[in-house]
Structures are given as structure tokens and as C-alpha cells.
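All remarks here apply to the structure that follows.
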Amino acid sequence: MDINALYNEWLEKADGDPDLKAELESIRGKDDEILDRFYRSLEFGTAGLRGVIGAGTNRMNIYTVGRATQGLSDFLNKNYENPSIAIGYDSRIKSDYFSKEAASILAANGIKVYIYEELEPTPCLSFAIRYFKTSSGIILTASHNPAKYNGYKCYNPKGYQMTDEEAAETYGFIQKVDYFTGIKKVDFDEAVKDGRIEYIGQDVINAFLDEVQKQCINPEIVKNADLKVIYTPLNGTGNKPVRAILDRIGIEKVYVVPEQENPDGNFPTCPFPNPEIKQVFEIGLEMNKKIGADILLATDPDCDRVGIAVPDKTGELVLMSGNEVGAMLLNYILSERKAKGTLPATAVAVKSFVSTDLAEVIAKKYNCTFKNLLTGFKYIGELITNLENEGRADDFVMGFEESYGYLAGTHARDKDAVVASMLICEMAAFYKSKGMNLVDVMNSLYDEFGYYGNVVESYTFEGAAGMEKMAGIMDTLRANPPKEIAGLAVKAVSDYKTSKTKYTDGKVETIDLPKSNVLAFALDGGNKVIVRPSGTEPKIKAYITAIGDSKENAAALADKLIAASNEFMK
């Protein structure tokens with residue numbers, strides 16, 4: 001591949017967006033800058049496309065979006081009779097622009113398009129696919145990544161992200177499309193006029209909220225709890241639907257962080273709009289000095305993740321992890337539904353296998369079947385669909401991932417911060433009526449089941465050299481797995497790429513999950529280190545489980561395991 005020839009071709013032909021032309025001119029003669037933009041084409045996988053916004057084959061722009069959409073169109077026309085698609089987008093830079101570009105291409109290829117009138121959360125896209133019974137769905141979002149990123153996620157007719165097989169076939173079509181000459185397109189406004197593109201109206205949003213509201217367990221307690229909530233949508237899509245659902249269940253005192261209320265893809269007050277990071281709460285924490293809220297909520301830009309901060313008995317605000325919120329929600333839903341007689345005898349709960357094992361112990365207490373699946377909410381969506389096919393959709397209680405993604409109900413097949421925000425506030429109101437805050441609740445679970453310390457360490461590897469480095473780290477760990485980590489013996493190594501678990505006593509077991517580039521090291525005492533490259537970011541993540549009889553003991557062990565993980569990443 002001649003990088004300079006590619007660059008020159010784009011310099012000549014990429015005139016559909018003046019921003020791209022200016023960027024290409026600005027890097028003329030800068031070999032490293034040109035290489036970074038053209039050393040590869042953005043890969044299309046089960047998470048679709050994700051990359052930095054800008055010029056080149058390794059960037060998100062109208063040509064990479066157009067090429068992907070033409071390939072998707074070819075895939076849909078091959079596999080479906082009279083195909084249709086739903087499209088959503090968030091507040092990111094050019095998300096609305098890219099969504100209209102995609103709609104114009106799909107319509108030109110004879111595919112009926114349903115597109116939201118304004119930015120909406122990712123779960124609303126999942127809902128729309130099933131509502132309109134479309135063949136596919138697209139959402140333009142980069143979730144919680146920094147402002148320079150955007151992405152293009154594709155869904156199948158069941159409402160969850162494409163499977164490996166669907167994505168691979170689509171990518172095959174994409175690779176045949178020329179960026180500049182291979183894309184069909186019609187005028188967007190003309191296609192709206194003649195019905196090839198149809199706007200999704202408020203009636204669909206209301207239907208979504210109706211389904212979310214059905215998950216409320218104790219509406220009367222919520223209405224009478226006088227709960228105070230500070231909420232930030234982090235300049236994303238959550239502002240309207242989250243406030244609407246909290247109003248529906250009777251929470252009147254909702255104070256929205258004004259600097260983070262309205263859509264803004266630059267995320268001026270939070271460069272990393274990720275509710276896992278303390279920084280996103282800083283303005284809300286300052287605001288809380290006057291309000292004295294019971295809980296602070298933050299949803300990410302596409303409103304599929306939610307984080308919380310809660311005051312303890314001293315008034316100090318405590319940021320709670322995704323694992324803690326997942327465990328508390330599961331315990332609340334199971335205990336309250338059992339008390340009300342609405343918990344199915346064959347109830348099923350599920351989490352990603354890197355999330356806290358505390359959830360599995362809680363589920364056992366209520367005789368709830370528990371499943372551990374690969375990271376990626378599509379696997380939880382697939383499980384719900386399988387239950388539905390067996391006539392058991394109502395058996396699904398809840399699914400979650402440690403990365404702040406939760407789902408109760410079957411209205412969506414992706415994580416949903418709208419329903420999660422509602423249930424978290426309901427849970428806070430319920431325990432407030434009993435004189436407890438959520439810190440008290442979490443401590444009571446630790447007292448009952450033991451202290452599970454869960455830490456996620458992220459290691460970033462940018463650019464072409466970074467991709468190589470990531471691959472080398474995984475190859476080394478796979479070829480020469482450690483015999484001990486932080487002084488704890490490795491009892492078993494699970495390689496999800498080969499679907500084998502090898503024990504130190506020589507026993508080998510097959511892993512009954514799809515293949516994935518993940519290594520899990522099971523240590524003495526139930527402790528764990530799981531190493532997994534991100535599917536959407538230039539990162540390797542180490543998921544650490546440290547179990548102790550106290551917070552201090554677990555934290556000390558976690559520190560040792562983190563230090564050992566740091567050595568792996570050198």
C-alpha cells in the first residue's frame with residue numbers, strides 16, 4: 001500500500017467536506033501525520049466503526065461512513081427482502097451530519113429508513129428496531145470516548161449489535177466499495193418528501209418510556225420519599241428522556257447541572273465524558289453544597305451508561321462503582337420482587353464475566369439462575385432473545401456490565417441508562433424510607449457476602465505502533481503465562497481465544513462461549529486478573545478481583561495485583 005498515493009488521492013477527491021480538505025492541506029509533507037491517517041482503513045467489527053474525526057481512511061468522515069453504509073446496504077439487500085433500517089445519533093461532532101449521510105445512501109439503495117427527529121439515547125435505537133421491525137439499525141456515537149472520537153454502531157433485527165458472522169459478512173461488502181466512486185446517494189430532503197426516509201416521532205419515544213416505566217417496582221414509596229436528585233446528561237442525549245421518566249415515577253426534585261445540560265459534542269466541562277471518572281461529577285458536587293441531594297446521576301453522551309455519587313452519613317460524597325451499583329440493583333430487584341410475589345420461579349440474571357462475582361452470590365440467595373457472558377452487551381441481548389424465543393422473556397430480571405451499563409426489562413437489547421436511572425433513584429428512595437443511603441446498603445451487602453474489591457486498570461497504546469504493542473503483550477502472556485501474580489499462585493488460565501481453561505493439575509476444560517481475545521488468570525482465594533484488549537479503543541484493560549474480609553485488606557491486595565499488571569504492560 002502506497003501511503004502517499006492514498007494521501008494524494010484524498011487530497012484530490014475528498015471535496016465533499018471542506019474540513020477534510022483543510023486538514024489534508026495542513027499535513028502536507030508531514031509523514032507521521034499522513035501515516036497515522038492512512039496506514040489502515042477503519043475496521044468494521046461487531047462494534048461497527050470507531051475512530052478520531054478527521055481526514056483519511058483511519059478517521060471518521062463522510063467517506064468512511066459512506067463506504068460502510070454502502071457495504072451495509074449491499075449486505076441488507078442480499079439478505080432481506082424489502083429491507084428497512086432505523087437510525088439514531090447522539091450529540092457528538094458531526095453525528096447528525098453522518099446520520100443524514102447514511103440515510104441518503106441507504107435510501108438510494110432502496111432501503112426504507114426510519115430516523116429520529118433529534119438526538120436520542122442508544123437504547124431508543126434498539127427499541128426502534130423492534131418497534132418498526134426493521135432489518136437493521138445504526139447509531140452514530142462514540143459512547144463515552146473523548147470529543148475527538150465518533151463511531152458508527154450497527155444492529156441486527158433483534159435489536160442488539162451485529163454478531164461476529166453478520167459483521168464479517170458486512171465488512172466483506174464494505175471492502176469492495178471505493179470511497180469516492182462506489183457509493184450511491186440521493187438528496188436527503190427529497191427522500192423525506194417521497195417517503196423513502198421517515199422521521200421517528202414522539203409517539204415512539206412515549207412508547208419507549210411506557211416500557212421503561214413498567215420496571216418500576218415501588219411507585220408509591222418513590223412518590224412519598226421526597227428524593228432530591230442532581231442530574232447531568234454530560235452534554236449528551238439523556239436530558240429529555242431521563243428527566244421525563246423521573247417525572248413519571250413522581251420524583252419532582254431533579255436539579256440538572258446547567259453547564260452540562262444541553263447537547264455539545266465538545267464536552268467543554270468534561271473532556272472525558274465517562275461516568276466512571278470523578279471529573280464528570282465535579283460541577284455537580286459543587287452544586288450539591290447548596291442543594292444537599294440524596295444522589296447524583298451522570299449519564300454518558302449516548303445515555304447507555306450511568307454513574308452515581310451518594311453522600312454517606314457524614315455528608316461526604318462517595319462515587320460508587322459499576323460493580324457496586326450492579327450488585328445493589330440486582331439485590332433490590334430480586335428482594336423486592338420476591339417480597340411482592342412477582343419474581344419468576346425460573347428467574348435469570350446475567351453479567352459480563354469481568355464484572356463482580358458478588359452478583360452471582362446474591363442471585364444464589366434468591367434461587368435466581370445466573371449467567372456469565374463475554375464482555376459486550378450484545379451477548380446479554382442475545383440471551384434475552386433466546387429466552388423470548390422459548391416463551392420465557394419475563395424470566396429475565398436484569399443484566400449488567402461493570403462499565404456502568406445496566407438493563408432491566410426486555411424493551412431494549414442494549415444497556416439502557418434511562419431505565420437504570422429510574423431504578424437507581426427508586427432504589428435510593430426505597431432505602432431512604434428505611435433510614436439508609438446507598439453507601440449503607442452496599443456496606444450491608446459486603447457484611448453479608450464478603451468484601452469484593454474490583455478494579456479496572458486501562459493501558460492506552462495510540463497509533464500504529466500501539467496496535468503492534470498491544471498484540472505483542474497478548475502474544476507474550478499467551479505463550480508464557482505467569483505461574484504466580486503478586487505472590488498468589490495461578491490456579492488456572494482461561495484463554496477465550498482458544499476456548500480452553502488449563503488448570504495447574506493438568507485438567508483442561510472447554511469454554512462454552514464465543515471466541516474472544518481474552519486471558520483470565522484464576523488465583524488462590526477466588527482472586528482474579530483478566531486481561532482484555534478493548535474492541536473499540538486503543539487500550540488493554542486489566543480487570544482485577546481482590547477478595548478480603550475487610551475493605552482495607554481487599555484494597556491492599558488489589559494494589560499488589562495492579563502493580564503486577566503494570567509489569568505485564570511494559
Side-chain angles (χ1 to χ4, degrees), residues 143-144 160-161 274-276 300 304-308 319-334 347-366 368-384 396-408 414-417 419-420 423-424 427 438 441-442 445-446 449-458 494 496 511 513-514 516 518-523 526-536 539-547 554 558 561-562 565:
S143 190
H144 56 287
Y160 52 87
Q161 287 182 46
N274 183 347
E276 299 177 54
D300 68 344
D304 64 352
R305 302 169 193 251
V306 58
I308 68 170
L319 269 64
M320 308 201 79
S321 72
N323 279 315
E324 289 177 322
V325 173
M328 282 192 294
L329 274 176
L330 181 63
N331 184 72
Y332 172 70
I333 293 169
L334 289 175
V348 177
V350 60
K351 69 176 180 67
S352 62
F353 73 114
V354 298
S355 302
T356 182
D357 293 335
L358 176 57
E360 194 164 356
V361 181
I362 291 168
K364 187 176 181 181
K365 175 182 176 180
Y366 296 98
C368 174
T369 298
F370 202 87
K371 302 281 187 183
N372 282 288
L373 302 177
L374 290 178
T375 299
F377 228 87
K378 66 182 177 186
Y379 297 112
I380 295 175
E382 187 176 32
L383 178 140
I384 298 169
F396 176 73
V397 172
M398 179 189 162
F400 79 96
E401 293 185 327
E402 52 74 37
S403 53
Y404 293 59
Y406 319 94
L407 176 65
D414 209 337
K415 47 192 176 287
D416 179 5
V419 75
L423 284 170
I424 288 167
M427 176 171 65
L438 294 186
V441 175
M442 195 65 235
L445 292 178
Y446 285 141
F449 299 109
Y451 195 92
Y452 286 70
N454 297 98
V455 182
V456 183
E457 289 291 304
S458 290
S494 297
Y496 289 79
I511 300 170
L513 288 173
S516 185
V518 179
L519 290 167
F521 303 99
L523 312 176
N527 301 289
K528 291 180 185 175
V529 175
I530 300 173
V531 182
R532 170 184 168 266
S534 171
T536 56
K539 291 180 180 179
I540 293 181
K541 293 185 177 181
Y543 301 85
I544 290 162
T545 298
I547 302 173
L561 293 171
I562 290 168
S565 297

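Any value given below was found using the heavy atoms of this structure, including those in side chains, with hydrogens, waters and symmetry copies removed.
- Y332 pairs by the side chain to side chain donor-acceptor pair (under 3.5 Å) definition with N218, E426, not counting sequence neighbours.
- Between the side chains of E401 and Y379, no donor N or O sits under 3.5 Å from an acceptor N or O.
- Looking at T545 and N454, their side chains do bring a donor and an acceptor atom within 3.5 Å of each other.
- Of the candidates V325, V456, V455, V456 is the only one forming a side chain to side chain contact (heavy atoms under 4.5 Å, CB included) with E402.
- I380 has its side chain out of reach of Y160: every pair of non-hydrogen atoms, C-beta onward, lies at least 4.5 Å apart.
- Every residue was checked against the salt bridge (Lys or Arg N to Asp or Glu O under 4.0 Å) condition with D416, not counting sequence neighbours, and none meets it.
- Under the rule for a side chain to side chain donor-acceptor pair (under 3.5 Å), the partners of E360 that lie at least two apart in sequence or sit in another chain are N372.
- Legend: residues meeting side chain to side chain contact (heavy atoms under 4.5 Å, CB included) with L383, ordered by chain and number and at least two apart, are V348, V350, K371, L373, L387, F396.
- Residues T375 and F353 come closest through the heavy atom pair N-CE2, 3.6 Å.
- Although no hydrogens or angles enter the test, the distance criterion places no donor-acceptor pair under 3.5 Å between the side chain of S516 and the main chain of V518.
- In this structure, the side chain to side chain contact (heavy atoms under 4.5 Å, CB included) partners of A359, at least two apart in sequence or on a different chain, are L330, K351, F370, F400.
- With sequence neighbours excluded, the residues that form a side chain to side chain contact (heavy atoms under 4.5 Å, CB included) with A522 are A492.
- Between the R305 side chain and the P275 main chain, no donor and acceptor come within less than 3.5 Å of each other.
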